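One structure below.
These figures come from a predicted structure and were not determined experimentally.
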Amino acid sequence: MSRIGLIFLCLLGLVSCWSEPPPTIIRAQAQPEVIARGRELVKGLAACGVCHGETPNPSSILAGGRIITDEYGEVQATNITPSASGIGNWQDEDVIRAIRASIRPGGNWISADMHRGYEWMSDEDALAIVSYLRTLPPVDKELQRRELSFVDRNTKGFFDSRPEIRGYVPSIDPKNVVEYGQYLTDHVARCGGCHHSPASLLNAEQYLAGNRLVKTDLGEKIAPSITSSRIYGLGEWNEAMIVKYLKTGLVPDGSVTDPNFCPTGFFRNASDADLMAIARYLRTVPG
Ligand code: HEC
Ligand code: HEC
């Protein structure tokens, strides 16, 4: 067929001219290692309970209800246990889509701010998380889900973007320590959600450069720079100090940060190898 002819048929929609990635069938897994990895992420670096817990600590049940403030106003974190009022009736891929793309089944938007960074979470880690959530005891707790109106969506949330990554997101080999550390920092623990400097009219957001005001229902604090800047950041910290901090909240000068703000109570549940990868990566971030 001639090129023109093919283009014509494409326009008519008679033949499929670009190949969509093959639909991946996603099913929660029952293998103990997968569930263990999911548990380690949910209770550790991904810290889902910071918002979805009834209290912001790793042992709290994930039945939601706490009020979180975002660019649209106030919203209740939802019940993510596998009950009818939670995510019990959702397909596994719907849960992954809500985590990574901030879209509910049916196409409703949820706050993209809340899950920002997760969009590049690997398929393997996202699947491990869902597999673990399926093993939680279902908690029946009906919460009002927020529906963002057309007006809200188009007048508020100027920085709102919800890139939806289509296709397979590969895992980073933990042997590539720095690259893997970057993945964990940006797409699992999402340190930048609090530690990027805030954008202003004059300045763009600066990567991990600090000075952002973090507000929770328990008050507010400024997140400092965690780049390798010797003046503002972690330039004087070695890897062991960073790992120790992530497990305890202990700053080398002897002070302790508040775990209700920097979620070190969660981070301590991560593996030493994962924390070490983050530490090694942070030492490479220019200040
Ligand atoms: C910074 C706070 C925060 C963190 C951390 C967080 N979430 Fe959420 N999540 C929310 C809020 C708030 C909503 C509801 C947003 C809305 O309605 O606009 C939500 C919505 C959801 C939904 C949609 C549920 C529904 O019933 O509509 C799922 C599923 C979800 N989150 C799973 C997770 C998982 C799994 C993690 C950890 C990997 C996680 N979230 C981490 C705040 C958070
Ligand atoms: C929910 C917001 C939040 C997240 C997510 C977060 N932090 Fe923090 N972090 C803070 C705040 C706020 C402080 C200051 C706390 C205080 O002063 O009590 C802080 C303090 C720190 C400090 C102490 C720095 C100093 O000079 O005293 C380090 C180091 C740190 N965070 C590293 C990290 C790393 C690494 C991650 C990701 C693995 C991370 N944080 C994720 C909010 C956050």
Do I61 and Y132 belong to the same hydrophobic cluster, where Ile, Leu, Val, Met, Phe, Trp and Tyr are linked whenever their side-chain heavy atoms lie under 4.5 Å apart, directly or via other members? no
Would the distance check show the side chain of E40 and the main-chain N or O of G38 forming a donor-acceptor pair, the cut-off being under 3.5 Å? no
One thing to verify: whether D125 and R100 come together as a salt bridge, which I'm taking to mean a side-chain N less than 4.0 angstrom from a carboxylate O. no
Among side-chain atoms of Y180 and D274, is any donor-acceptor pair under 3.5 angstrom? yes
Would you say the side chain of I172 lies within less than 4.5 Å of the side chain of H187, judging by non-hydrogen atoms? no
Flag the pair R66 and E54 as a salt bridge only when some basic side-chain nitrogen lies within less than 4.0 angstrom of an acidic carboxylate oxygen. no
Check whether the side chains of Q29 and S131 place a donor and an acceptor atom closer than 3.5 Å, and report yes or no. no
Would you say the side chains of T227 and S229 form a donor-acceptor pair under 3.5 Å? no
Keeping the roles fixed (side chain from S60, backbone from T55), state whether a donor-acceptor pair exists under 3.5 Å. yes
CD (Q76) with more than 12 external heavy atoms under 6.0 Å: yes
Can you tell me if H52 uses its side chain to pair, donor with acceptor, with the backbone of A63 under 3.5 Å? no
I'd like to know if the side chain of K215 and the backbone of E220 have a donor-acceptor N/O pair within less than 3.5 Å. no
Polar side-chain atom of T284 near backbone of Y281 as donor-acceptor pair, under 3.5 Å: yes
Measure the shortest side-chain to side-chain distance between L246 and I278 over non-hydrogen atoms and say whether it is less than 4.5 angstrom. yes
Which residue is it: Y118, Y207, W120? I am looking for the one with a side-chain hydrogen bond (donor to acceptor under 3.5 Å, both in side chains) to D186. Y207
Are the side chains of P82 and L133 in contact, using a 4.5 Å heavy-atom criterion? no
Should we say atom CZ of R37 is surrounded by more than 12 heavy atoms from elsewhere, each under 6.0 Å from it? yes
Please give me the minimum heavy-atom distance between L62 and G49, naming the atom from each residue. CD2-CA, 3.6 Å
Can a salt bridge be assigned to the pair E205 and R116 using a cut-off of 4.0 Å between side-chain N and carboxylate O? yes
Is it true that atom CZ of R268 has more than 12 heavy atoms of other residues, nucleotides or ligands lying nearer than 6.0 Å? no
Minimum heavy-atom distance L143-G65, with the two atoms named: CD1-N, 3.6 Å
Less than 4.5 Å apart, any side-chain heavy atom of M114 and any of S102? no
Would you confirm whether T78, through its side chain, and I80, through its main-chain N or O, come within 3.5 Å as a donor-acceptor pair? no
Between the side chains of S197 and N211, is a donor N or O closer than 3.5 angstrom to an acceptor N or O? no
Can you measure from CD1 (I231) to OG (S225) and round to the nearest 0.5 angstrom? 10.5 Å
Show the numbers, then the answer: is there a side chain to side chain contact (heavy atoms under 4.5 Å, CB included) between K244 and K247? CA-CA 5 Å; K244 185 173 181 191; K247 286 180 157 179; 5.9 Å; no
Do side-chain atoms of R283 reach the backbone of W237 as a donor and acceptor pair under 3.5 angstrom? yes
Side chains of P224 and H195: closer than 4.5 Å at any heavy-atom pair? yes
Using side chain to side chain contact (heavy atoms under 4.5 Å, CB included), reason through R134 and I87 one step at a time and then give a plain yes or no. CA-CA 9 Å; R134 294 289 185 218; I87 54 163; 4.2 Å; yes
In the structure I gave you, are the side-chain heavy atoms of I35 and E33 within less than 4.5 Å of one another anywhere? no
Backbone of T248 reached by a side-chain donor or acceptor of T264 within 3.5 Å: no
Is there a donor-acceptor pair under 3.5 Å between the side chain of N79 and the backbone N or O of G64? no
State, without any angle test, whether S111 and D113 hold a side-chain donor-acceptor pair at a distance under 3.5 Å. no
Are the charged groups of R97 and D92 less than 4.0 angstrom apart, N to O? no
Does M121 reach the side chain of Y183, with side-chain heavy atoms less than 4.5 Å apart? yes
Heavy-atom neighbours of K141 NZ exceed 12 at 6.0 Å: yes
Donor-acceptor contact below 3.5 Å, side chain D173 vs main chain N176: no
Is there side-chain contact between K221 and D258, with heavy atoms separated by less than 4.5 Å? yes
Nearest 0.5 Å, please: how far is CG in L184 from CZ in R190? 13.0 Å
Decide side-chain hydrogen bond (donor to acceptor under 3.5 Å, both in side chains) for T257 and Y245; before the verdict, give the C-alpha distance in whole Å, the side-chain angles of both, and the deciding distance to 0.1 Å. CA-CA 9 Å; T257 59; Y245 171 80; 2.8 Å; yes
L136 reachable from V34 in the ILVMFWY side-chain graph, under 4.5 Å edges: no
Run I242 and L282 through side chain to side chain contact (heavy atoms under 4.5 Å, CB included) and show every step you take. CA-CA 9 Å; I242 299 177; L282 289 179; 4.2 Å; yes
